[in-house]
Amino acid sequence: MQTAHSTEEMKGLRRKCKGSVGFVPTMGYLHEGHLELVRLAKNENHIAVVSIFVNPTQFAPSEDFKAYPRDLDRDLALLESAGADIVFIPGDKDMYPAGYDTWVEVKGITQTLEGRSRPTHFQGVTTVCNKLFNIVQPNRAYFGQKDAQQALVIEKMVSDLNMNLEIVVAPTIREKDGLAMSSRNIYLTPEERRSAPVLHKALQLASDMYDKGERDAILIKNAMTRLITAVPAAKIDYISIADIETLREVNAIRGRVLISLAVKLGKPRLIDNVILG
Ligand code: AMP
């Protein structure tokens, strides 16, 4: 496994790659969810490239950029065992030198859900992914369903800008009790950790209601809300049932919908989702 600590170093390694390149962008502090993406990238390509970059432009000033967990040595050991070939670890000043002034923005589907709660978030995500794709030049890039809106936004950017790569979205990896793996789970106190599977339970409740024929989105959201508010520490940011393409809220479920939620549980804000229909 090779490491590149600058954009120039990464471009140099890329020039030497033979065959297809699969790319997994991450912010590090890796868990099994990231590692599954790396294994998939390796299975489907000759070379697997992983980036570790806590991207400052996708955090609002009020958010946890400085406190975001980091452990590079542990990450490198995990990546080596998952079969990564190249790890790209750029510095902030390399990615955003003084005078940096170019932004990539997807409109429409970024205005809702995570975009409503975090208004500058997706512009940071699409800008950094665009830069990373230009530097790494992957044939395929791998994203997790856990961040469903992010995956849709990236797919939209790649399609709208005729970018020359394929986006692969892989299933959410969960803990045994259903909690979606996340680097931020480490901030949960033991008591919050015990309550945290309530997000997944609420999504399962929604799926069960749907399987039994319920199509009223308001009724399903009310049932999910009741389940979550039974946990005193949980503060619901949003519970959404939205059309999978437009991400507009629906009242009656007809086609495919994304059921998603964001809940603050103590310090961390947790998100999860399921697609139905
Ligand atoms: P992050 O490091 O949180 O920016 O995540 C990097 C990539 O890993 C993104 O594509 C995420 O959607 C994906 N990811 C994070 N957590 C999970 C998970 N539990 N299951 C699957 N993919 C995940």
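We count ligands from 1, going down the list as the structure has it; atoms in each ligand are counted the same way.
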Indicate whether any N or O donor in one side chain lies under 3.5 Å from an N or O acceptor in the other, for [X] and [Y].
{"X": "Y96", "Y": "D101", "value": "no"}
{"X": "N185", "Y": "R193", "value": "no"}
{"X": "T246", "Y": "D243", "value": "yes"}

Can you work out which protein residues put a heavy atom within less than 4.0 Å of ligand 1?
P25, T26, M27, H31, G33, H34, L37, Y68, F143, G144, K146, D147, Q150, P171, T172, I173, M181

Give the minimum heavy-atom separation between E32 and M181, together with the two atoms involved.
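The pair with the smallest heavy-atom distance is CB-SD, 3.4 Å.
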
State whether K42 and D85 are salt-bridged, where the test is any N-O pair (Lys NZ or Arg NE/NH1/NH2 against Asp/Glu carboxylate O) under 4.0 Å.
yes

Heavy-atom check, side chain of V21 versus side chain of R14, under 4.5 Å
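In contact.
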
